[in-house]
Amino acid sequence: MKSVFALVDCNNFYASCETLFRPDLKGRPIVVLSNNDGCVVARSKEAKALGIKMGIPAFELKPLLEKNVLLAFSSNYALYADISARVMSTLELLAPAVEVYSIDEAFLDLTGVSHCMDLEEFGHSVRKTISQNIGMTVCVGIAPTKTLSKLANFAAKKWHKAGGVVDLTDKARQRKLMALLPVGEVWGIGSKLSARLNKLGIQTVLDLADASPAFIKQQCSVVESRIVAELNGESCLALEQVAPTKKQIVSSRAFGERITSKEMMHEAIAEYISRACQKLRKEQQQAKQLTVFIRTSPFSDRQRDPYYANSITTALTHPTSDTRDFLAVASKLLETIWKDGYRYAKAGVMLSDFYDEGVYQVDLFEPAPPAYQSKALMTVIDTINAKTGSKVWFASQGASQAWSMKRAMLSPQYTTKWTDLPVVS
DNA sequence: TCTGGGGTCCTAGGACCC
DNA sequence: TCTGGGGTCCTAGGACCC
């Protein structure tokens with residue numbers, strides 16, 4: 001059976017979430033900033049038209065913000081995650097199989113049902129339903145492979161006369177589109193590979209599609225040869241309905257204020273450990289390896305503000321998901337990489353080497369795992385924090401957290417917090 | 001005088017994605 | 001003054017084993 005995939009992608013997702021409950025902002029240039037109000041991560045159509053580039057630091061926007069030409073928002077992940085969940089559950093009703101690929105996009109597998117419907121019509125009905133139920137605008141790209149559906153989606157976004165839907169199941173249409181796009185537009189071809197392929201005489205997506213997979217494999221790797229097959233309509237990437245278990249968990253943040261004292265850094269690391277362990281328990285995993293890293297800003301003037309970055313990884317004696325185990329080790333690790341006299345801008349921790357709870361083979365010569373009732377206590381903490389919004393914490397995380405991130409322009413949590421519910425008067 | 005071959009595992013680094 | 005966070009996969013090279 002010929003495979004058919006649809007890629008549904010929300011337009012300017014974070015920016016659109018911010019305007020959902022603020023109809024007065026429709027048609028205005030707005031941007032959403034990264035954590036710590038650092039740089040631009042999303043822009044409304046109007047902000048793009050102003051020439052605001054993705055990823056530029058927030059301070060460059062100051063003149064526009066002061067003149068009230070532009071409005072900026074701190075990232076409000078509680079809001080975005082909730083809107084995303086609504087979009088995804090609506091898609092579940094519309095398609096037989098859905099893979100949630102990221103917070104704002106999903107692949108639909110239409111393979112079994114494509115013969116009994118008009119695909120373009122289906123795309124428009126998805127758009128209409130999401131718009132009516134949630135108020136979010138999406139674009140739909142339809143094609144025989146995931147890689148081609150990504151290209152179709154790109155076309156649907158870029159060419160307005162398409163009306164937000166592009167059906168790329170036709171071979172001739174595929175080739176026509178591929179001839180127009182530079183090879184860097186392909187999903188999985190970034191800037192480095194793009195430059196390398198250009199040197200080999202491959203400029204357009206069509207050039208890559210017509211290249212020999214063996215040649216591409218030899219020049220790059222199997223991943224890129226698979227992309228060539230996908231561009232030729234041979235589906236190599238299957239729909240993954242069940243998210244695979246994670247292999248690592250990272251928790252890191254840039255600080256709102258630079259950290260210069262070791263005590264503060266201990267607090268910050270303890271905070272990140274606590275977040276990471278909470279995620280780990282949610283995955284029902286235990287980890288045996290821990291990495292701690294700290295660094296100063298890579299952007300500062302090196303004369304005035306010298307650069308230092310370091311990290312250290314260690315294996316615990318046994319896999320665990322108990323926050324206290326990691327707090328103890330992390331504190332020791334930090335002591336080994338900490339250096340006085342620097343202005344630290346960011347730090348983080350990483351958990352890796354995961355085991356399912358209870359399957360670890362204990363080494364005869366290892367010390368026995370501690371006997372305290374770890375799981376019960378952690379469950380209580382997680383349950384309380386889920387209900388109250390993190391009211392219980394370990395003393396080492398610190399009570400004031402003077403270093404915590406800046407979110408000066410945060411919008412209300414319209415859909416996830418009773419006190420923030422929008423009021424209609 | 002002559003010094004193999006094949007395999008696995010781990011890690012660091014590089015590339016990509018949203 | 002001020003520049004995000006969280007992931008995945010692949011490859012090459014070294015260590016180690018028989």
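In what follows, every chain begins at residue 1, and chains take the letters A, B, ... in the order their sequences are listed.
When heavy atoms are screened at a 4.0 angstrom cut-off, A:N35 is found touching the sugar-phosphate backbone but no base atom.
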Test side chain to side chain contact (heavy atoms under 4.5 Å, CB included) applied to A:F73 and A:L71, step by step: CA-CA 7 Å; A:F73 290 92; A:L71 216 63; 4.1 Å; yes

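Side-chain contact check for A:K48 and A:N12: at least one donor-acceptor pair (N or O, by modelled atom type) lies under 3.5 Å. Side-chain N/O atoms of A:R281 and A:T323 include a donor and acceptor closer than 3.5 Å. Residues A:Q248 and A:S352 have side chains that never bring a donor and an acceptor to within less than 3.5 angstrom of each other.
Residues A:W187 and A:I227 form no side-chain contact, since every pair of their non-hydrogen atoms from C-beta on lies 4.5 Å or further apart. Within the 4.5 Å cutoff, side-chain heavy atoms of A:R324 are placed close to those of A:M378. A heavy-atom distance below 4.5 Å is not found between the side chains of A:L181 and A:T204.
Applying the ring pair (Phe, Tyr, Trp, His ring centres under 6.0 Å) test to A:Y308 and every residue at least two apart in sequence or in another chain returns A:Y342.
One C1' atom belongs to C:dG4, the other to B:dC17, and the distance between them is 15 Å to the nearest Å.
Salt-bridge check for A:D37 with A:K406: failed, with every basic side-chain N at 4.0 Å or more from each acidic carboxylate O.
Listed for the A:S261 side chain is a donor-acceptor partner under 3.5 Å among the backbone atoms of A:M264. Side-chain atoms of A:N76 come within 3.5 Å of backbone N or O of A:S411 as a donor-acceptor pair. In this structure, the side chain of A:N232 does not engage the main chain of A:E234 through any donor-acceptor pair within 3.5 Å.
For the pairing with A:E271, the side-chain contact (heavy atoms from CB on, under 4.5 Å) check across A:W393, A:F394, A:W403 returns one residue only, A:W403.
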Polar atoms only, N or O, under 3.5 Å: list the protein pairs with nucleotides 15-18 of chain B and their distances.
residue : atom : partner : partner atom : Å
B:dC16  : OP1  : A:G190  : N            : 3.0
B:dC16  : OP1  : A:G190  : O            : 3.2
B:dC16  : OP1  : A:S191  : N            : 3.3
B:dC16  : OP1  : A:K192  : N            : 3.1
B:dC16  : OP1  : A:L193  : N            : 2.9
B:dC17  : OP1  : A:G188  : N            : 3.0
B:dC18  : OP1  : A:K150  : NZ           : 2.8
B:dC18  : O3'  : A:S102  : OG           : 2.7
B:dC18  : O3'  : A:D104  : OD1          : 3.2
B:dC18  : O3'  : A:E105  : OE2          : 3.1

Taking only N/O atoms, report every protein-nucleotides 7-12 of chain C pair under 3.5 Å with atom names and distance.
residue : atom : partner : partner atom : Å
C:dG7   : OP2  : A:V250  : N            : 2.6
C:dT8   : OP1  : A:K247  : N            : 3.1
C:dC9   : OP2  : A:K247  : NZ           : 3.0

Only Watson-Crick and G-U wobble pairs with both distances less than 3.5 Å should count. Give DNA chain B in dot-bracket notation, marking inter-strand partners with |. ....||||||||||||||

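For the segment residues 337-346 of chain A, the set of residues with a heavy atom within less than 4.0 Å of an atom of DNA chain C comprises A:R343, A:K346, in numerical order. Listed by residue number, A:P57, A:F59, A:K62 are the residues of residues 52-77 of chain A with a heavy-atom contact under 4.0 Å to DNA chain C.
Residue A:K279 qualifies as enclosed at atom NZ: its count of foreign heavy atoms under 6.0 Å is above 12.
Side-chain nitrogen and oxygen atoms of A:S252 include at least one within less than 4.0 Å of the OP1 or OP2 phosphate oxygen of C:dG6.
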